Amino acid sequence: MALSNCDDQMRGGLDTMLGTPPGIVLIRSLRGKEWTIGTHRYVVLLLTFIAYACYHASRKPSSIVKSVLDPEPINVHQAYPWPVGDIFIRDKELISNMSRLHDKGWVPFNGEDGTVKLGEIDVAFLACYALGMYVAGHLGDTLDLRLFLTTGMIGSGIFVGLFGMGYFWNIHVFWFYLVMQMVAGLFQATGWPSVVAVIGSWFGKRKRGLIMGIWNAHTSVGNISGSLLAASVLEYGWGWSFILPGALIFLGGIMVYLFLVAYPEDIGFPCPHEMDSHAKAEIGPKHVEAQTQKGGIVDVETAIPQGSMGRSSVGLLEACRIPGVIPFALCLFFSKLVAYTFLYWLPFYLSHTAIGGEYMSVKSAGNLSTLFDVGGIVGGILAGYISDKLKARAITAASFMYAAIPAMFIYYSYGSTSKSMNIILMMIAGLFVNGPYALITTAVSADLGTHSSLKGDSRALATVTAIIDGTGSVGAALGPLLTGFISTKGWNAVFLMLNIGALIAGLLLSRLVMAEIREKICKENPSPNILGQQRIEASTSQPLLRDQRLGGILRDHLGFAHVAFAGGCPVKR
């Protein structure tokens with residue numbers, strides 16, 4: 001009995017000190033035994049998947065209700081020079097356009113500058129999201145990630161819901177909607193650095209691209225769920241399209257608080273970046289219990305890593321100096337510019353474009369736009385798998401960005417011929433657009449956040465993720481803003497902007513791509529200088545480190561700084 005009481009006190013002390021979620025404590029008491037580390041990993045994958053799907057679902061309503069707030073088609077005011085005028089406009093299209101003018105929209109978004117104000121709403125959200133990301137990343141490496149993520153989700157739900165309440169409160173003041181979006185953007189910034197830090201802390205680098213590629217489907221699942229949810233209640237008033245996704249992320253935040261274990265150290269398991277597979281089998285909660293039952297005194301500070309509160313975080317400038325962070329951050333700037341333009345404007349484009357000679361309803365356009373994200377799911381998984389197989393993140397990301405250029409051009413040119421053609425081309429475009437975006441924001445960010453230059457300090461995960469995704473989010477804000485202005489001139493100009501953005505994104509990775517190619521060539525055909533160096537070192541019985549043989553620090557694929565070249569191949573200085 002005394003030993004049992006000692007165990008209970010010991011476990012209670014660990015739970016309090018390491019912040020074990022109350023839901024896990026309850027399950028543990030009901031089951032009477034611990035989960036394995038594998039079970040914990042599955043639960044972490046599921047919880048973070050649901051959490052970030054809720055984040056994206058709560059962002060989707062603004063794109064669904066655009067055509068309700070500003071229902072007037074763009075081409076109604078489009079002026080054609082004589083002798084074209086209205087003569088060569090098909091009657092079917094003209095009647096469809098005119099029949100939709102009875103809906104006056106919602107003040108202040110239904111005026112001549114309606115699309116501009118809708119663009120300003122988007123950029124207000126994304127600008128605050130991008131700025132908040134840098135702060136959120138550092139806080140995520142400093143505070144309790146579970147509580148930090150919970151706060152962000154609950155706050156996001158409240159302010160997304162308040163935006164929708166503008167419908168029921170009959171608010172027609174522009175600044176109200178602007179402020180709601182700005183505050184929601186700040187809370188939304190907590191999401192991505194937190195979930196990537198959690199996943200990066202639970203999983204090592206082996207097959208990380210494939211695992212995170214599959215896991216990253218939460219983005220597209222969230223977009224699809226948000227679109228379907230918002231469109232399903234649109235007929236009852238556009239306010240419901242915000243309130244329901246807001247309630248969803250609010251409930252998701254409560255679930256995260258109850259069950260998410262942010263770091264394996266929090267419950268006694270070792271960090272995967274520091275321990276090998278044998279050490280993992282020996283250290284954990286059962287190891288502590290065995291010591292306690294033997295009558296030994298367990299020092300919590302030394303027996304179990306202190307988890308999410310026991311390490312020092314790195315600063316923004318120090319994180320920026322990690323090799324590869326800046327190039328990938330700049331690439332993501334243009335990649336997210338393209339991806340978020342589709343996210344926020346694709347339903348609007350579909351409802352204002354004649355597909356097969358017919359216009360579709362706002363609800364149908366919202367539902368159809370989800371197929372872009374279906375293609376994005378495939379693209380994220382495919383990019384992760386290919387990058388694992390090639391062991392080349394930069395080559396994979398750049399190749400997808402270049403392939404997105406013809407995919408978007410063909411979609412714009414031939415997507416309007418029929419609904420079937422639109423669906424096929426939309427999914428192909430989504431595959432190539434979202435593939436590199438998913439790869440950079442997941443596997444690449446996790447790789448850099450646990451880079452060898454950090455000497456095993458994984459507390460840079462949230463900070464590095466925030467730098468990369470925060471920079472990308474600036475592009476995400478710029479894309480929808482520019483689209484609000486450019487779309488008034490015609491959608492051909494919008495797609496030209498998207499193609500240029502994809503091209504620049506690929507070019508920004510050129511140096512990293514060349515370094516990866518050079519490394520692979522040298523591995524297949526090592527230079528005489530390096531082979532001679534290997535023979536000399538072998539003859540003197542000096543151990544030869546793997547990263548000094550051929551690729552030097554390039555073996556990590558992302559650390560391209562501080563290398564010299566011998567016989568055309570990179571070697572470590």
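Note that the coordinates shown come from a computational prediction; the quantities given were computed from them, not determined experimentally. Count residues from 1 along the sequence.
Judged as a ring pair (Phe, Tyr, Trp, His ring centres under 6.0 Å), the pairs with a partner in residues 143-163 (not counting sequence neighbours) are, in order, Phe159-Phe187, Phe163-Tyr177, Phe163-Phe242. Sorted by first and then second residue, the salt bridge (charged side-chain N to carboxylate O under 4.0 Å, His left out) pairs involving residues 169-183 (not counting sequence neighbours) form an empty list. For the salt bridge (charged side-chain N to carboxylate O under 4.0 Å, His left out) condition, no pair includes a residue of residues 170-193, sequence neighbours left out.
Judged as a side chain to side chain contact (heavy atoms under 4.5 Å, CB included), and not counting sequence neighbours, the contacts of Ile424 are Ile428. Applying the ring pair (Phe, Tyr, Trp, His ring centres under 6.0 Å) rule to Phe400 yields the partners Phe432; only residues at least two apart in sequence or on another chain are considered. Under the side chain to side chain donor-acceptor pair (under 3.5 Å) criterion, Ser473 pairs with Lys336, not counting sequence neighbours. The ring pair (Phe, Tyr, Trp, His ring centres under 6.0 Å) test applied to Tyr402 returns no partner, not counting sequence neighbours. Applying the side chain to side chain contact (heavy atoms under 4.5 Å, CB included) criterion to Val107, with sequence neighbours excluded, gives Asn110, His172. Looking at residues two or more places apart in sequence or on another chain, you find a ring pair (Phe, Tyr, Trp, His ring centres under 6.0 Å) between Tyr412 and Phe495. For Trp215, the ring pair (Phe, Tyr, Trp, His ring centres under 6.0 Å) criterion is met by Trp192, His218, not counting sequence neighbours. Asp122 pairs by the salt bridge (Lys or Arg N to Asp or Glu O under 4.0 Å) definition with Lys66, not counting sequence neighbours. Remark: Phe333 pairs with Thr471, Val474, Leu478 by the side chain to side chain contact (heavy atoms under 4.5 Å, CB included) rule, at least two apart or across chains.
Using modelled atom types and a 3.5 Å distance limit, the side chains of Tyr55 and Thr190 yield a donor-acceptor pair.
Not less than 6.0 angstrom separates the ring centroid of Tyr134 from the ring centroid of His138.
Val325 pairs with exactly one of Leu330, Ile467, Val444 by the side-chain contact (heavy atoms from CB on, under 4.5 Å) rule, that one being Ile467.
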| message | Run the side chain to side chain donor-acceptor pair (under 3.5 Å) test on Tyr359 and Ser364 for me, step by step, so that the C-alpha distance in whole Å, both residues' side-chain angles and the decisive distance to 0.1 Å come before the verdict. | response | CA-CA 10 Å; Tyr359 287 92; Ser364 298; over 6 Å; no
| query | Could you go step by step and tell me if Ser67 and Ser351 meet the side chain to side chain donor-acceptor pair (under 3.5 Å) rule? | reply | CA-CA 7 Å; Ser67 295; Ser351 64; 2.8 Å; yes
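Minimum interatomic distance between Leu512 and Ala394 (heavy atoms only, all atoms of both residues): CB-CB, 3.7 Å.
Using the six-membered ring where Trp is involved, Trp345 and Phe348 have ring planes that are perpendicular, over 60° apart on the 30 and 60° scheme. Using a 30° and 60° split on the angle between ring planes, Trp106 and Tyr167 fall in the tilted class, from 30° to 60°.
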